[in-house]
Protein chains: 2
Amino acid sequence: MLSPATITRAAMALIESRGYPGLTMAGLARQLRVAPSALYNHAASKRDVLRWVQDRVNQDVDAGGFPALPWDEALVRWARSYRDIYALHAPLVAVIAVTPITGAPHTVAMYEQVARGLRTGGWPEDEVVAVITAVESFVLGSALDATAPPDIFEVGELAPQAPVFDAATRARSTADPARDAFELGLAALVEGLRARLAAAPARDA
Amino acid sequence: MLSPATITRAAMALIESRGYPGLTMAGLARQLRVAPSALYNHAASKRDVLRWVQDRVNQDVDAGGFPALPWDEALVRWARSYRDIYALHAPLVAVIAVTPITGAPHTVAMYEQVARGLRTGGWPEDEVVAVITAVESFVLGSALDATAPPDIFEVGELAPQAPVFDAATRARSTADPARDAFELGLAALVEGLRARLAAAPARDA
DNA sequence: ACCTGAACACCGTTCAAGT
DNA sequence: ACCTGAACACCGTTCAAGT
């Protein structure tokens, strides 16, 4: 009774319990009480399984602010949700970059919502994808950064060569520096987008 | 005559000729005419080798705009260089996120240059690392995006469900959409940072 | 059409034995 | 101190054989 849907479900359960290192074809087969080779009747490769997982994950990203809210508010809500979810699925970040969205219905639905919201907000058609890509790049980079160990910027014995940077790391408010950096960058990015749209308003809406 | 320096050199040569899939401990050993196990007298794990490679790569990132140029111009120059280089070293992006910079002298030197430039430009000490992190997250996300296949946004048979997004992908100028998105995002991010600094000028400089 | 079982060509890493 | 050679515990994937 194997199918893409059941395989995806098992993969999500495996990731939940053992993390991404535990997501092996053998582990997946064991979870499904089947021989590893049986999986290859439904998935051409492990990459296929990762594509299914990615689409399932994207289903949970909140693009629901569009188009009711102003585009900038909805964009912030989308970006926050996107980052928080991929911080829990960091190994998927590298997969996204290389994987065409064909056959990933939830992913396509997400992009459609955002694209509609941007168009409604006054963005010209030929800039919509660039805006989405720019925000997504920031979000995925920030998701990776969110998985960094707290001591990532510890310069250690090299401190004498980097006094200014070292002092700056110590001057941070300590609670959640990754989130602070994300919020600072997101606010700046959206502010800059607002300025761009205001400077060159809708040409084709 | 094995050493971290010779191993790093061999790793860079291997990446150049065979790409990151070719960077295996066995391949590295063969390049150095040595048994694979010999490598473990100098590196505790493959992760160590990747750390050395990463620091070597960061040596080529251009942070030389600081502090002579205005901080925003130097930041743009740094970000462009950083993105272009990591587009050629995409598999390192996931490594960076998790790897402390201790013992990576060129990496530390790069951050020191940027931190100095931001301080000189008027940024308060407790925001410097957040600004660096935000720009870096955008840069690394954009580097991954730069490696995407041209048809990444091809919706295929799902086109009827995503007419607005599909039309937007076709409306793009076709030359190098990834670079256009990077430049749009970079301009917006830096504009937003400028606005932030202008609104709350140097408190402790 | 879909599954099993055995095999293949790799991985990174360990460790006793040598020098 | 540093290297070799053999081995280990995995990977993803293939394929003949079964039903």
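Residue numbering restarts at 1 for every chain, and letters A, B, ... go by the order of the sequence lines. Atoms considered below: every heavy atom in the structure, side chains included; atoms not considered: hydrogens, waters and symmetry mates.
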Exercise for review: Select one nucleotide: of D/dG12, D/dT4, D/dC3, the one nearest the side-chain heavy atoms of B/N41.
Suggested key: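 Selected nucleotide (nearest to the side chain): D/dC3.
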**Study point:** Shortest side-chain distance from A/S37, nucleotide among C/dC3, D/dG12, C/dG5
**Key:**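 The closest nucleotide is C/dG5.
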Measure the distance from [atom1] on [X] to [atom2] on [N] and round it to the nearest whole Å.
X: B/L39; N: C/dC15; atom1: CG; atom2: P; answer: 17 Å
X: B/K46; N: D/dC11; atom1: NZ; atom2: C1'; answer: 13 Å
X: B/L32; N: D/dC3; atom1: CG; atom2: P; answer: 10 Å
X: A/L28; N: D/dT13; atom1: CG; atom2: C1'; answer: 14 Å
X: B/H42; N: D/dA1; atom1: NE2; atom2: C1'; answer: 9 Å
X: A/R18; N: D/dC11; atom1: CZ; atom2: P; answer: 11 Å
X: B/M25; N: D/dA9; atom1: CE; atom2: C1'; answer: 17 Å
X: B/I7; N: D/dC2; atom1: CD1; atom2: P; answer: 11 Å

Practice item. Select from A/T24 and B/V34 the residue whose nearest nucleotide in DNA chain D is closer to the 5' end of that strand. Key: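 This one resolves to B/V34.
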Review point. Taking for each residue the nucleotide of DNA chain D bearing the nearest heavy atom, is the 5' side occupied by A/L23 or by B/R33?
Key: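 First, find each residue's nearest nucleotide; the 5'-ward one identifies B/R33.
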**Study point:** N-O pairing of A/D84 and A/R179 below 4.0 Å
**Key:**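 Yes, this pair counts.
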Review point. Got a salt bridge between A/E125 and B/R170, using NZ or NE/NH1/NH2 to carboxylate O under 4.0 Å?
Key: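 So A/E125 does not pair with B/R170 through a salt bridge.
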Review point. With distance as the sole test, does B/T6 use its side chain to make a donor-acceptor pair with the main-chain N or O of B/L2 at under 3.5 Å?
Key: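 No, B/T6 side chain to B/L2 backbone: no donor-acceptor pair under 3.5 Å.
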Exercise for review: Scan every strand shown for a Watson-Crick or G-U wobble partner of C/dA1, both distances under 3.5 Å, and answer none if you come up empty.
Suggested key: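 Here C/dA1 is engaged in a pair, and the nucleotide opposite it is D/dT19.
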Practice item. Both distances under 3.5 Å, Watson-Crick or G-U wobble: report the partner of C/dA6, or none. Key: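 Result: D/dT14.
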Check your understanding: Which pairs count as salt bridge (Lys or Arg N to Asp or Glu O under 4.0 Å) when at least one residue sits in residues 102-116 of chain A, sequence neighbours excluded?
Key ->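 Sorted pair list: A/E112-A/R116.
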Review point. Side chains of B/T99 and B/R47: closer than 4.5 Å at any heavy-atom pair?
Key: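 The answer is yes; the side chains approach within 4.5 Å.
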